[in-house]
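Quick note on labels: first sequence line is chain A, next is B, and so on, each numbered from 1.
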Amino acid sequence: MPEPLPAAPLPGAAELPALHAALDDWFAANARDLPWRAPECTPWGVLVSEVMLQQTPVVRVLPVWEEWLRRWPEPSDLAGEPAGEAVRSWGRLGYPRRALRLHAAAAAIRDGHGGLVPGAYAELLELPGVGSYTAAAVAAFAFGRRETVVDTNIRRVHARLVLGSALPSQALTAAEMRLAASLLPADPGASVRWNASVMELGATVCTARAPKCGQCPVRESCAWLAAGEPAPTYTPKGQAWHGTDRQVRGAVMAVLRLAEDPVAPELFYRAPADLGFEPQGIAIPLAALHRLNAAPEQLERALAGLLGDGLAELHLGGVRLPA
DNA sequence: GAATCGTGGGA
DNA sequence: TTCCCAAGATT
């Protein structure tokens, strides 16, 4: 299939070194001091950070990551615990399936890789919860490999800087991957710094809303600024939340995370006050769940979904986190 | 390709 | 208050 030509000429071989140098200098002076970027951070620490950072802001990941690495310094440490411990210690990071998959990845690393996080993209990609972005990111940032790392930040920077668009396309395309590959420095060390600096630029300066173009080290090269900051050609559709099954799932998960013992499913369908619970412990998330006023069918779907995903399991008539 | 999957903070 | 969206993966 023929693809449309880029809206702006791509940076040529003559311009790329200057672009690389500009972002290299900017990153050296402005990079955030994040623990998973420290030289002593292990590949396991990098992998945990990358999974936690999927769709979750840095500030919320930081304390949970610290606790995970303190408690489970190596993959085998996590693999030796029940999966439910991973889900519980995930706290309120969201998308708790990630905790389950990270636990499964730890077991795969212990059983299939001698307990060491693999450094090859193809091997990383085989791990549960690791997709194309995370595999490339771990290979690059933990092992210094030359990989084409493409996340939402990098896509947005490329869209503006090179293509002159306000936002990247709604779905990642093969053309974007080729563009990213064409911009990557040949030297492995330089490529790692480039990936990290473009991502950092997108996260802190070239943001989705209200970009700080005045602070941008490559604003003179930006196709979007040159084009007069054209508006997006589409409006992203928001994610519904209130009244959805997802909201109910989240509320049920909050109960299970706090429960010491299996929770009788009937409790999900009644107000804690009617059950004679004091407003403490498990009664707090139960009350929050009840306030959602979810239809019984909705609660059934949420529970069935959690059981199907392995985020909950039945045990002696109750529901609990997976063993 | 589109839908699904949490959560909380900032604009 | 409401809306947006943040280092995606999976089906």
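For R156(A) and dA6(C), the shortest distance from a side-chain N or O to OP1 or OP2 is below 4.0 Å. Taking side-chain N and O atoms only, R257(A) has a distance below 4.0 Å to OP1 or OP2 of dT7(B).
Side chains of L256(A) and R320(A) form no contact here, defined as non-hydrogen atoms less than 4.5 Å apart.
One P atom belongs to dG6(B), the other to dT11(C), and the distance between them is 14 Å to the nearest Å. Going from the P atom of dC5(B) to that of dA7(C) covers 22 Å, rounded to whole Å.
As rounded to whole Å, 21 Å separates atom P of dA9(C) from atom NE2 of H103(A). Distance CD (Q170(A)) to P (dG8(C)): 16 Å, rounded to an integer number of Å. For Y95(A) and dG6(B), the OH to C1' distance is 6 Å, given to the nearest whole Å. The CH2-C1' distance, from W241(A) to dC5(B), rounds to 9 Å in whole Å. Taking atom CD of residue Q54(A) and atom P of nucleotide dT7(B), one finds them 16 Å apart after rounding to whole Å. Note: CD (Q247(A)) to P (dT2(C)) measures 13 Å, nearest angstrom. Regarding R32(A), its CZ atom lies at a distance of 8 Å from the P atom of dA7(C), rounded to whole Å. One atom, CD1 of I154(A), and another, P of dA6(C), lie 14 Å apart when rounded to the nearest Å.
Summarising the hydrophobic clusters (Ile, Leu, Val, Met, Phe, Trp, Tyr; side-chain heavy atoms under 4.5 Å, direct or chained), the residues clustered with L167(A) are Y234(A).
At a threshold of 4.0 Å, the pair E74(A)-R110(A) does not count as salt-bridged, since none of the basic side-chain nitrogens sits closer than that to a carboxylate oxygen.
With hydrogens and angles left out, the side-chain atoms of T56(A) and R98(A) include a donor and acceptor closer than 3.5 Å. Remark: the Q54(A) side chain and the Y133(A) side chain contain no N/O donor-acceptor pair separated by less than 3.5 Å. In this structure, a donor-acceptor pair under 3.5 Å is absent between the side chains of S89(A) and E67(A).
Nucleic acid contact class of A210(A) (heavy atoms, under 4.0 Å, all strands): none. Contact annotation for L47(A): no contact, since no heavy-atom pair falls under 4.0 Å across all strands. At a threshold of 4.0 angstrom between heavy atoms, the contacts of R97(A) include nucleobase atoms, whether or not backbone atoms are also involved. Among the heavy atoms of the strands lying under 4.0 Å from Q239(A) is at least one base atom, whether or not backbone atoms are also near. Across all strands shown, L93(A) has heavy atoms under 4.0 Å from base atoms, whether or not it also approaches the sugar-phosphate. Among the atoms of the strands shown, base atoms are found under 4.0 Å from some heavy atom of W36(A).
Two residues, A171(A) and A251(A), neighbour DNA chain B, and the one matched to the more 5' nucleotide by heavy-atom proximity is A171(A).
The stretch residues 55-67 of chain A touches DNA chain B through Q55(A), T56(A), R60(A), each having a heavy atom within less than 4.0 Å of the strand. Taking a 4.0 Å limit (strictly below) on heavy-atom distances, residues 123-149 of chain A reaches DNA chain C at P128(A), G129(A), V130(A), G131(A), S132(A), Y133(A), T134(A).
Across L307(A) and L314(A), no two heavy atoms sit closer than the pair CD2-N, 3.9 Å. A323(A) approaches P82(A) most closely through the heavy-atom pair C-CB, 3.5 Å. The shortest non-hydrogen separation linking P35(A) to C41(A) is O-CB, 3.7 Å.
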Show your reasoning for whether side-chain contact (heavy atoms from CB on, under 4.5 Å) applies to V198(A) and F27(A). CA-CA 9 Å; V198(A) 175; F27(A) 188 72; over 6 Å; no
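Annotation: W44(A) is not in aromatic contact with W72(A) [ring centroid separation under 6.0 Å not met].
In this structure, the nucleotide among dA7(C), dG8(C), dG8(B) sitting nearest to the side chain of E50(A) is dA7(C). Listed nucleotides: dG6(B), dC4(C), dT10(C). Nearest to the side chain of R209(A): dC4(C).
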